[in-house]
Each structure stands twice: as structure tokens, then as C-alpha cells.
Amino acid sequence: MNILVIMIPLSILLLVGAGIAFFWAVDHDQFDDMETPRLLPLLDNAGPPRASDPDDPDPVSAEPVSAEPDSREPTP
């Protein structure tokens, strides 16, 4: 019975904290774009976004350059 003295105020504090976190997220536009995040894993190019090059006609199809050798290719 004495545990209720601790658990009820603790649960109220957690509820208030969750409410504050939710309203902070809504206020800071965390829920504006609900379509793009679910499509991100489907993109072929999973590398970090590159700076746009004005001379590159199609920056989306450009693949990132890796400094490490590809482990699938045998080394001579």
C-alpha cells in the first residue's frame, strides 16, 4: 500500500513529461512531413547528401565516391 505513495506521483510526473515532449515536438514542426521518412529506406543512394554541383546535369543519379576499396572485388 505504501508503494502507491511513490507510484502515483511518479506516474503523474511521467505523464506530464510525455505531454511536454509531445507539445514541444508539435510546436517545433516534428510532425509536418509524414510521407518522406517512410520512403527514405527505399532510396538507392543511401549516402550522405552531397552539395549540389552547378555543372552536374543530374545530381540525383551521381553515386558517392568511396575512399575505401570495394570488399567484393579481389585485390591484385
Answer yes if [X] and [Y] sit in the same cluster of Ile, Leu, Val, Met, Phe, Trp and Tyr residues linked by side chain heavy atoms under 4.5 Å apart, and no otherwise.
X	Y	answer
Phe23	Met34	yes
Met1	Ile8	yes
Ile12	Leu4	yes

Item checked: Residues in side-chain hydrogen bond (donor to acceptor under 3.5 Å, both in side chains) contact with Asp29, at least two apart in sequence or another chain -> none

Checklist line | Results of side-chain hydrogen bond (donor to acceptor under 3.5 Å, both in side chains) for Ser11 - residues two or more places apart only | finding: none

Check: From Ile3 CD1 over to Leu10 CG, what is the distance, rounded to the nearest 0.5 angstrom?
Finding: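 Going from CD1 on Ile3 over to CG on Leu10, the span is 9.5 Å.
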
Check: Which residues satisfy the side-chain contact (heavy atoms from CB on, under 4.5 Å) test with Leu39, sequence neighbours excluded?
Finding: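 By the side-chain contact (heavy atoms from CB on, under 4.5 Å) rule, Leu39 matches Leu42.
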
Check: Does a sphere of radius 6.0 Å around CZ in Phe31 hold more than 12 heavy atoms from other residues, nucleotides or ligands, not counting ones at 6.0 Å or beyond?
Finding: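 Yes, because the 6.0 Å sphere around CZ of Phe31 holds more than 12 heavy atoms from other groups.
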
